[in-house]
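Data first, discussion second: the structure below is written as structure tokens.
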2 protein chains.
Amino acid sequence: MPTSTTKREDILDSALTLFAERGFDATTIPMIATDAKVGAGTIYRYFANKEVLVNTLFQHYVTLFKEALEKNYPEEAGIREQFHHLFQGMIRFTNEHDHALYFIKTHTSAYFLDASSREQFGHLLMIFENFFEAGKQHGHIRELPSKALIAIIFGGFLQLYQLIRVGELEASAELLAGVEESCWDAVRHHS
Amino acid sequence: MPTSTTKREDILDSALTLFAERGFDATTIPMIATDAKVGAGTIYRYFANKEVLVNTLFQHYVTLFKEALEKNYPEEAGIREQFHHLFQGMIRFTNEHDHALYFIKTHTSAYFLDASSREQFGHLLMIFENFFEAGKQHGHIRELPSKALIAIIFGGFLQLYQLIRVGELEASAELLAGVEESCWDAVRHHS
DNA sequence: TTTATAGGAATGAATATTCATTCCGCTTTT
DNA sequence: AAAAGCGGAATGAATATTCATTCCTATAAA
């Protein structure tokens with residue numbers, strides 16, 4: 001077998017957790033190696049260097065997230081249901097990939113992201129941007145720049161999930177439903 | 001003049017900017033020294049080490065922020081006005097101390113914060129917690145854990161301000177008023 | 001008023017430490 | 001037995017921290 005894919009994924013998993021918890025600069029390669037139960041040198045068999053590793057990780061999860069949001073998107077449904085779909089997508093994605101969204105968020109404007117990573121992230125934002133623009137057109141969404149609306153939703157959601165991850169809140173269905181309602185009220189148009 | 005207090009403050013100012021822009025780990029002491037126009041060794045005359053420096057900075061601005069929120073707090077006013085006061089406090093503080101809130105936010109759960117820093121930050125949260133608890137008691141605020149409400153407001157606000165700092169949005173009075181309304185709708189009780 | 005001097009402040013080159021990356025011998029697979 | 005995959009010690013570069021030296025400035029002697 002040419003290099004079992006397992007190790008590569010162990011490395012990516014460990015890197016995701018550590019980058020999310022401590023940040024890129026505070027995470028050392030030996031740390032990742034230890035956590036992944038792998039020699040430090042092995043990491044370099046799979047990734048040319050630390051920056052390639054972080055960009056690979058970033059693009060991988062941005063893509064996954066984008067797909068999660070786009071899958072089964074209810075094009076024809078009402079706006080509230082579309083919002084529900086997006087919000088549920090965020091929740092499901094966060095549950096499936098523990099640290100991924102937080103990692104994405106905290107590294108979105110990092111100095112070491114390459115052009116491709118930035119581009120991928122742009123695509124991701126576009127999903128939300130399209131949603132909000134269409135919603136504003138129909139008078140369903142508050143008249144604020146889409147970028148601002150995205151920031152409010154994303155910022156709030158991720159800050160909340162940080163609390164959950166740290167254990168200060170429990171992710172009950174009730175809490176999540178309440179938060180979705182809160183976020184919806186933040187962006188919808190009120191008459 | 002024996003050691004003008006200026007140098008110490010030059011150092012703190014430079015550190016604030018650099019920590020906020022690049023993060024603690026990506027900021028080197030020589031960088032701070034250069035920016036502050038000071039010898040690298042001079043920093044160690046004022047701060048025992050890099051961690052003491054960052055904790056000093058953190059506590060300083062948390063305290064300032066807390067004071068800004070508490071000053072002229074309208075105890076007797078209605079809840080919407082109290083919310084306005086808090087929100088305005090956030091805006092004013094951010095305008096007066098450019099990078100301070102962002103620095104606080106991005107370093108709140110950092111591994112190098114000492115007990116005192118964490119405690120100070122707890123006091124800060126208490127202001128919001130008290131506000132939300134009282135509001136829920138009177139049925140004015142959404143029935144969600146205060147921690148969650150705080151996360152939504154803070155997360156959203158700071159994410160937004162990051163866009164402003166980066167220049168993607170302009171901090172017009174109109175935008176800020178809209179965002180305040182959005183945040184208020186996120187936390188208030190809807191009948 | 002001018003000059004000398006003590007002592008705190010500031011400096012930045014030197015040192016110690018940490019970290020990304022490399023390299024080589026050992027292990028496993030074929 | 002050869003080849004491929006691994007581990008982890010070794011290397012070199014970057015960084016935090018130290019320290020011997022210089023620079024001020026305030027006071028005091030001349």
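Lettering of chains follows the sequences in order, A, B, ..., and the numbering in each one begins at 1.
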For C/dT21, take OP1 and OP2 only and decide whether either is under 4.0 Å from a side-chain N or O of A/Tyr44.
yes
Whole-Å distance separating the CD1 atom of B/Ile43 from the C1' atom of C/dG12:
12 Å
Could you verify whether a donor N or O on one side chain and an acceptor N or O on the other, from B/Ser146 and B/Glu129, lie under 3.5 Å apart?
no
CZ (B/Phe112) and CG (B/Asp25) are apart, to the nearest 0.5 Å, by 6.5 Å
Categorize B/Thr27 for me: base, sugar-phosphate, or nothing, with a 4.0 angstrom heavy-atom threshold over every strand shown.
sugar-phosphate
Please tell me if B/Thr28 has a side-chain N or O lying less than 4.0 Å from either OP1 or OP2 of D/dT15.
no
Do B/Thr56 and B/Tyr46 touch side chain to side chain, with heavy atoms closer than 4.5 Å?
no
Between A/His189 and A/Glu143, a side-chain donor and acceptor under 3.5 Å:
no
My understanding is that only residues two or more places apart in sequence, or in another chain, count here; which of them pass side-chain contact (heavy atoms from CB on, under 4.5 Å) with B/Asp114?
B/Asn55, B/Gln59, B/Ser116, B/Ser117
Could you please name the option among C/dA20, C/dG12, D/dA16 that lies closest to any side-chain atom of B/Ile29?
D/dA16
Mind listing the residues from residues 15-26 of chain A sitting with a heavy atom below 4.0 Å of DNA chain D? Number order is fine.
none
With a 4.0 Å limit, can you tell me whether A/Lys7 has a side-chain N or O closer than that to the phosphate oxygens OP1/OP2 of D/dG7?
yes
Please pick, from D/dG8, C/dA10, D/dA16, the nucleotide with the shortest atom-to-atom distance to any side-chain atom of B/Thr42.
C/dA10
Among the candidates C/dT21, C/dT11, D/dA16, find the nucleotide nearest to the side-chain atoms of A/Asn49.
C/dT21
A/Arg45 has its side chain closest, among D/dC6, C/dT11, D/dG7, to D/dC6
Roughly, in whole Å, what's the span from CZ in A/Phe47 to P in C/dA20?
15 Å
Tell me, which pairs form a salt bridge (charged side-chain N to carboxylate O under 4.0 Å, His left out) where one or both residues lie in residues 36-47 of chain B, sequence neighbours left out?
none
May I ask you to verify if any side-chain N or O of B/Tyr46 is less than 4.0 angstrom from the OP1 or OP2 atom of C/dA10?
yes
Whole Å only: how far is the NZ atom of B/Lys50 from the P atom of D/dT15?
9 Å
